[in-house]
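Since the model is a prediction, treat every value here as computed from it, not as a measurement.
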Amino acid sequence: MTEKFQMTIRERLPEEARCNEGNLRILMQTIFDFLLQFKQCSTPGDKQFEAMFENAMHQDLHRLLLKRINEVQTKDFSQEKWEAIALVISWGIFGSALQWSRNPQDRSFETMFEEVIEVLSFNLAPYWESTTR
């Protein structure tokens, strides 16, 4: 299952894609879609593997973000700060998508997605500015 997740990410977000709001939207859309599809296709027998899959998926997302950040990092922040940024972004995206996929009827996809994008974009603005100089 994690190979399918990684392949889906690569298809929607090529290796050369820059870190920006547009690509963040693509990444988030992919995570939300994948988690919802996983939940919809799961059987009662899959329940025992959910946490393991979710953990692997989050680790893949964190590694991807850290890799992309390391490719464009600037001298404005320390390595430790970049690692913290990747960790917070990965949990922000994954945690929100996981929460939503467990109860999609509680809040529309569009509302949840736009609220998360707004928070992440606001907090990532200094990072994006430092990578475009």
Side-chain angles (χ1 to χ4, degrees):
M1 186 58 85
T2 59
E3 291 89 18
K4 186 173 182 173
F5 172 67
Q6 292 168 357
M7 186 174 67
T8 302
I9 293 284
R10 280 192 303 273
E11 287 172 359
R12 293 191 183 180
L13 201 64
E15 283 286 322
E16 63 277 356
R18 291 189 49 89
C19 292
N20 59 39
E21 186 175 353
N23 288 330
L24 179 64
R25 284 180 170 277
I26 293 169
L27 179 61
M28 278 187 55
Q29 178 80 46
T30 303
I31 303 292
F32 273 72
D33 289 348
F34 201 87
L35 272 172
L36 183 61
Q37 184 179 13
F38 173 71
K39 296 288 183 189
Q40 290 173 339
C41 295
S42 292
T43 64
D46 296 333
K47 192 80 171 155
Q48 62 183 332
F49 302 109
E50 270 185 26
M52 185 172 57
F53 169 70
E54 290 165 356
N55 185 44
M57 192 172 162
H58 176 255
Q59 287 179 0
D60 287 346
L61 174 60
H62 181 252
R63 277 193 293 271
L64 171 71
L65 289 168
L66 199 52
K67 180 178 183 255
R68 296 288 172 96
I69 285 171
N70 281 325
E71 289 171 355
V72 296
Q73 93 172 250
T74 68
K75 297 176 184 164
D76 293 350
F77 300 118
S78 67
Q79 180 63 31
E80 292 78 20
K81 184 149 186 166
W82 289 116
E83 289 172 9
I85 289 169
L87 183 64
V88 170
I89 296 168
S90 68
W91 275 115
I93 294 171
F94 188 77
S96 299
L98 185 60
Q99 173 85 18
W100 177 79
S101 71
R102 289 178 176 166
N103 298 297
Q105 69 280 0
D106 288 353
R107 183 186 262 174
S108 74
F109 165 76
E110 293 79 13
T111 300
M112 180 67 141
F113 187 85
E114 289 304 321
E115 288 173 354
V116 174
I117 276 287
E118 183 180 335
V119 170
L120 288 175
S121 295
F122 176 80
N123 287 289
L124 288 172
Y127 162 73
W128 286 329
E129 290 169 9
S130 73
T131 61
T132 57
R133 285 188 219 147

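By the side-chain contact (heavy atoms from CB on, under 4.5 Å) test, D106 pairs with N103, sequence neighbours left out. Residues satisfying the salt bridge (charged side-chain N to carboxylate O under 4.0 Å, His left out) test with R107, not counting sequence neighbours, are E115.
Within a 6.0 Å radius of CD in E118, other residues, nucleotides and ligands contribute 12 heavy atoms or fewer.
Other residues sharing the hydrophobic cluster of M52, ordered by chain and number and joined by side-chain separations under 4.5 Å: F49. The hydrophobic cluster of M7 has no other members, since no ILVMFWY side-chain heavy atom comes under 4.5 Å of it.
Connection of L87 to L65 is established within a shared hydrophobic cluster, with ILVMFWY side chains joined at heavy-atom distances below 4.5 Å, either directly or through further cluster members. In the hydrophobic cluster analysis, where Ile, Leu, Val, Met, Phe, Trp and Tyr join through side-chain heavy atoms closer than 4.5 angstrom, L13 is grouped together with L120. I117 is connected to I9 through a chain of hydrophobic side-chain contacts under 4.5 Å among Ile, Leu, Val, Met, Phe, Trp and Tyr, so both are in one cluster.
Checking side-chain atoms of S96 against main-chain N and O of I93 turns up no donor-acceptor pair under 3.5 Å. Looking only at distances, a side-chain donor or acceptor of S101 sits under 3.5 Å from a matching main-chain atom of L98.
Each salt bridge (Lys or Arg N to Asp or Glu O under 4.0 Å) pair with one or both residues in residues 78-98, not counting sequence neighbours, would appear here, but there are none.
Once rounded to the nearest 0.5 Å, the distance linking CD of E50 with NZ of K39 reads 3.5 Å. Note that the CZ atom of F5 and the CE atom of M57 stand 4.0 Å from one another [nearest 0.5 Å]. The distance from the CH2 atom of W82 to the CZ atom of R68 is 14.5 Å, given to the nearest 0.5 Å.
For the pair Q6/L61, no side-chain contact is recorded, criterion being any heavy-atom separation below 4.5 Å from C-beta on. Contact annotation: the side chain of H58 approaches that of W91 to within less than 4.5 Å [non-hydrogen atoms, C-beta and beyond].
Taking both residues in full, the closest heavy atoms of E54 and F94 are given as O-CZ, 3.3 Å, listed atom of the first, atom of the second, then distance.
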Quick one: side chains of residues 24-38, donor-acceptor pairs under 3.5 Å with protein atoms, not counting sequence neighbours, listed by atom name and distance.
| unit_1 | atom_1 | unit_2 | atom_2 | d |
| --- | --- | --- | --- | --- |
| R25 | NH1 | E114 | OE2 | 3.0 |
| R25 | NH2 | E114 | OE1 | 3.1 |
| Q29 | NE2 | D33 | OD1 | 2.9 |
| Q29 | NE2 | D33 | OD2 | 3.2 |
| T30 | OG1 | R12 | NH1 | 3.4 |
| T30 | OG1 | I26 | O | 2.8 |
| D33 | OD2 | R12 | NH1 | 3.1 |

